[in-house]
Amino acid sequence: MTTALQLITGSMRLIEAVESGEAPTTDEQTDALAVLNQLLDSWSIHGLAVYRREFSPYVTVAAQASYVIGAG
């Protein structure tokens with residue numbers, strides 16, 4: 001799973017604010033995290049959802065016809 005710092009660093013590389021292999025300074029990370037949180041807040045205000053994919057393997061039984069996944 002991608003962390004906020006990985007997203008921030010990758011974005012800063014795309015706009016050429018940092019070079020490949022270089023890490024943003026602590027101040028740059030703090031500022032970028034604040035902007036990222038503001039972006040997510042604005043999406044929330046407009047009713048836009050942020051989704052995440054999660055893959056979970058499940059073992060199946062040959063003769064079992066149905067399964068319950070989650071709280072039941």
Side-chain angles (χ1 to χ4, degrees):
M1 181 168 54
T2 302
T3 65
L5 179 56
Q6 290 170 325
L7 182 63
I8 288 166
T9 303
S11 299
M12 292 182 79
R13 285 190 182 128
L14 282 174
I15 64 170
E16 299 179 359
V18 295
E19 295 292 326
S20 182
E22 180 184 3
T25 66
T26 303
D27 288 339
E28 289 171 333
Q29 291 175 16
T30 302
D31 292 343
L33 183 59
V35 170
L36 178 59
N37 283 328
Q38 290 172 355
L39 175 66
L40 293 173
D41 286 344
S42 72
W43 286 355
S44 176
I45 290 170
H46 295 293
L48 301 174
V50 178
Y51 294 96
R52 162 183 115 163
R53 282 189 183 173
E54 186 171 317
F55 296 97
S56 300
Y58 295 97
V59 178
T60 57
V61 179
Q64 189 169 342
S66 64
Y67 298 88
V68 175
I69 298 175

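Being a predicted model, the structure only gives us computed values, none of them experimental.
Considering CG of Leu39 and OG of Ser44, their distance stands at 11.5 Å, rounded to 0.5 Å. Thr26 contributes atom OG1, which lies 11.0 Å from atom CG of Asp31 (distance to the nearest 0.5 angstrom). To the nearest 0.5 Å, the span separating CD1 on Ile45 from CD on Gln38 amounts to 10.5 Å.
In terms of heavy-atom proximity, Ser20 sits nearest to Arg13 at CA-NE, 3.7 Å.
Leu33 is connected to Val18 through a chain of hydrophobic side-chain contacts under 4.5 Å among Ile, Leu, Val, Met, Phe, Trp and Tyr, so both are in one cluster.
Side-chain atoms of Tyr67 never come within 3.5 Å of backbone atoms of Val59 as a donor-acceptor pair (strictly under, hydrogens ignored). In this structure, Ser11 contributes its side chain and Leu7 its backbone to a donor-acceptor pair below 3.5 Å.
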Before giving the answer on side chain to side chain contact (heavy atoms under 4.5 Å, CB included), spell out for Leu5 and Thr9 the whole-Å C-alpha distance, their side-chain angles and the decisive distance to 0.1 Å.
-> CA-CA 6 Å; Leu5 179 56; Thr9 303; 3.7 Å; yes
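Within 6.0 Å of CD on Glu19 lie no more than 12 heavy atoms contributed by other residues, nucleotides or ligands.
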